[in-house]
Amino acid sequence: MGSASASSLPTTAGAGENLVLILDFGSQYTQLITRRVRQLGVLSLCVSGTAPLSSLTGLRPRAVILSGGPHSVHASGAPSFPEGFLDFAAEAGAHVLGVCYGMQLLVQSLGGAVEAGERQEYGDTEVEITATSSALYGESGVGNRQSVWMSHGDEVVRLPQGFEVVARSVQGAIAAIEHREKRFYGLQYHPEVTHSTQGKETLRRFLFDVCGIKADWKIQDVLDEQIKTIKSMVGTDEHVICALSGGVDSTVAATLVHNVIGDRLHCVFVDNGLLRYKEKERVMSTFNSDLHLPVTCIDASEQFLSKLKGVKDPEMKRKIVGKEFIAVFDEFAHMLEQQTGKRPEYLVQGTLYPDVIESCPPPGSGMTHSHTIKSHHNVGGLPEDMKLKLIEPLKLLFKDEADEIYVQAIRDAGLYDTIWQAFAVLLPVETVGVQGDQRTYGYPVTLKAITSEDGMTADWYYFERKFLADVSNRICNNVRGINRVCLEKTSKPPATVEWE
């Protein structure tokens with residue numbers, strides 16, 4: 001769920017005793033905390049970490065989690081929780097868990113010391129339990145180790161009075177702290193990402209054993225909330241356009257809205273000239289035959305390609321794509337107005353939260369501290385003067401869910417359901433090769449395949465040598481102009497999923 005103001009909090013929030021409040025200080029992983037808590041059956045709400053205390057009026061969380069963030073606590077203008085927050089948490093009887101930046105902020109606010117680390121820790125690291133008994137790790141035993149995901153340049157060098165170190169990194173940095181009496185806890189690493197192998201268990205222990213929260217929330221609550229929102233937004237005689245890409249996200253969004261408003265939803269699939277082989281035919285067949293969604297296919301390939309011609313900057317490409325999509329939808333809206341007598345005011349998109357936070361800060365989100373990774377054409381690529389209002393029923397959720405030769409080879413090898421995402425990247429660089437006993441100048445293709453639960457973090461998939469050899473040969477032998485096939489072996493982070 002995205003950072004919210006009090007007015008935009010779900011009506012199910014209330015003052016429930018099993019509420020977990022997450023203060024967002026700009027980490028790209030903040031929403032994974034929300035997700036992990038919900039996976040454990042607990043309602044979690046994420047709000048801006050710098051929102052005024054008045055925005056939390058009426059909430060009595062059992063736990064508050066302070067997220068990580070891209071800043072140093074020493075940086076000018078570094079975000080901090082609002083004045084009076086610690087008193088608010090104490091009065092509510094809430095347990096406070098600081099994660100990464102959140103831990104450093106908590107330590108500094110309580111009189112401890114945070115300094116730039118001599119050795120920065122990023123990525124996969126081991127931490128060692130240093131306490132015989134702790135709230136976060138239980139009776140794990142001194143010396144036990146677990147793999148975690150670190151991402152920090154600063155480190156805690158002096159604890160406030162009453163705190164205990166319960167884990168350190170193998171490099172010696174303080175990795176976990178507790179003050180049980182005051183109900184303060186801290187983790188220097190990110191327990192929410194899958195690379196922290198026992199992170200979910202640590203969160204489980206914090207929520208249930210430490211905070212005493214009950215698992216009484218389910219995902220159906222989110223669905224019910226979104227249905228209510230759609231009904232309240234769209235009038236009984238209003239028509240809505242849906243941007244269908246053919247992927248899981250927009251299809252689910254379209255199906256959800258269609259179930260609410262029926263044939264007043266008009267889906268549009270745009271051929272932008274950048275589709276995969278036979279993709280348009282496959283997508284339209286699925287929509288018509290299997291999903292029975294009302295879809296119009298618009299061929300705008302020349303329009304898109306002419307605007308993209310000669311453009312190399314990836315961010316500019318995203319802006320152009322976003323602008324042209326909206327132009328197509330505006331024109332379609334005008335056509336519908338002539339047919340129905342009422343101009344559609346809303347556009348449905350299958351935007352997910354990973355799209356949003358990588359494009360942060362999106363307009364009206366209230367988020368001010370996230371760093372933009374790239375603009376998503378559904379978010380950062382939208383023009384400011386667009387006439388259509390957005391309906392994004394999946395915007396607060398995550399996805400648990402290539403080109404022809406490569407993906408078909410993956411299917412043939414029985415790997416399709418094992419790999420989360422796979423595609424081939426054509427690089428605009430000529431390389432020297434030898435084909436047909438002659439020197440050639442062709443282009444390289446890079447193959448990418450990843451495993452992931454949510455798209456926020458990802459590992460590269462380990463193919464067997466024979467599979468790669470066969471795919472490489474098939475591509476070079478069947479695709480004119482390709483003389484080199486490479487394999488990407490980079491996780492996210494440091495890379496993103498897409499190449500650009």
Side-chain angles (χ1 to χ4, degrees), residues 10-11 219-272 275 278-301 303-304 321-353 355-356 376-379 381-383 385-397 399 401:
T11 56
I219 192 66
Q220 181 66 35
D221 297 340
V222 175
L223 177 61
D224 294 342
E225 195 69 39
Q226 290 302 313
I227 291 174
K228 290 180 184 177
T229 299
I230 294 168
K231 287 181 177 179
S232 65
M233 288 179 66
V234 181
T236 56
D237 64 341
E238 289 187 298
H239 291 256
V240 176
I241 296 173
C242 180
L244 277 179
S245 68
V248 173
D249 312 338
S250 61
T251 302
V252 171
T255 302
L256 177 60
V257 176
H258 188 251
N259 288 340
V260 177
I261 69 172
D263 290 340
R264 289 185 291 123
L265 176 72
H266 305 270
C267 298
V268 181
F269 177 74
V270 179
D271 181 355
N272 58 8
L275 303 178
K278 297 285 187 183
E279 184 173 359
K280 177 170 67 175
E281 292 80 1
R282 292 168 180 168
V283 167
M284 291 302 295
S285 175
T286 299
F287 287 152
N288 294 325
S289 303
D290 300 331
L291 301 177
H292 307 294
L293 288 172
V295 184
T296 299
C297 181
I298 297 177
D299 186 351
S301 54
Q303 174 180 337
F304 276 80
V321 168
K323 182 177 180 180
E324 293 310 310
F325 268 125
I326 295 303
V328 171
F329 298 140
D330 277 339
E331 184 177 341
F332 183 73
H334 179 68
M335 182 192 71
L336 281 179
E337 183 179 15
Q338 293 178 324
Q339 293 177 355
T340 65
K342 192 173 183 65
R343 184 178 178 86
E345 295 187 10
Y346 295 96
L347 172 67
V348 177
Q349 291 193 141
T351 308
L352 297 181
Y353 200 77
D355 303 329
V356 174
H376 191 273
H377 63 266
N378 281 4
V379 187
L382 298 180
D385 61 346
M386 65 176 285
K387 303 178 181 66
L388 296 166
K389 304 170 189 174
L390 291 179
I391 296 177
E392 297 171 302
L394 311 181
K395 187 176 182 179
L396 309 181
L397 302 176
K399 171 161 56 183
E401 13 164 272

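Keep in mind that what you see is a predicted model, and the values were worked out from it rather than measured. All residue numbers in this chain count up from 1 along the given sequence.
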* To do: Would you sort out whether Val240 and His266 count as a side chain to side chain contact (heavy atoms under 4.5 Å, CB included), showing the intermediate values?
  => CA-CA 6 Å; Val240 176; His266 305 270; over 6 Å; no

Nearest-0.5 Å distance, [atom1] of residue [X] to [atom2] of residue [Y]:
| X | Y | atom1 | atom2 | value |
| --- | --- | --- | --- | --- |
| Ser301 | Asn272 | OG | CG | 8.5 Å |
| Ser250 | Gln349 | OG | CD | 9.5 Å |
| Lys280 | Leu275 | NZ | CG | 8.0 Å |
| Leu244 | Thr255 | CG | OG1 | 8.0 Å |

* Can you name the closest pair of heavy atoms from Ala327 and Gln303 and give their distance? -> CB-NE2, 4.1 Å

* Structure fact -> Note: Val234 and Arg264 closest approach over all heavy atoms is CG1-NH1, 3.8 Å

* For Gly235, does its backbone N or O pair with a side-chain atom of Glu238 as donor and acceptor, under 3.5 Å? -> yes

* Asked: Has the side chain of Ser232 got a donor or acceptor atom that lies under 3.5 Å from a matching backbone atom of Thr229?
  -> yes

* To do: Go through the steps to decide whether Met233 and Ile391 satisfy the test side chain to side chain contact (heavy atoms under 4.5 Å, CB included), and finish with yes or no.
  => CA-CA 9 Å; Met233 288 179 66; Ile391 296 177; 3.7 Å; yes

* To do: Mind checking salt bridge (charged side-chain N to carboxylate O under 4.0 Å, His left out) for Asp299 and listing every partner two or more places apart, or none if nothing turns up?
  => none

* Residue pair Ile326, Leu347: steps toward the side chain to side chain contact (heavy atoms under 4.5 Å, CB included) verdict -> CA-CA 9 Å; Ile326 295 303; Leu347 172 67; 3.8 Å; yes

* Can you name the side-chain contact (heavy atoms from CB on, under 4.5 Å) partners of Val268, sequence neighbours left out? -> Ile241, Val270, Ile298, Phe329, Phe332

* Structure fact -> Residues at least two apart in sequence or cross-chain that pass side-chain contact (heavy atoms from CB on, under 4.5 Å) with Glu281, listed by chain then number, are Lys278

* Asked: With sequence neighbours excluded, what pairs up with Phe304 under the ring-ring contact (aromatic ring centres under 6.0 Å, His included) test?
  -> Phe325

* Asked: Can you name the ring-ring contact (aromatic ring centres under 6.0 Å, His included) partners of His258, sequence neighbours left out?
  -> none

* Are any non-hydrogen side-chain atoms of Val257 and Pro393 less than 4.5 angstrom apart? -> yes

* Using side chain to side chain donor-acceptor pair (under 3.5 Å) as the criterion, list what pairs up with Asn288, not counting sequence neighbours. => none

* Kindly indicate, with the supporting measurements, whether the criterion side chain to side chain contact (heavy atoms under 4.5 Å, CB included) is fulfilled by Ile230 and Tyr346. => CA-CA 11 Å; Ile230 294 168; Tyr346 295 96; over 6 Å; no

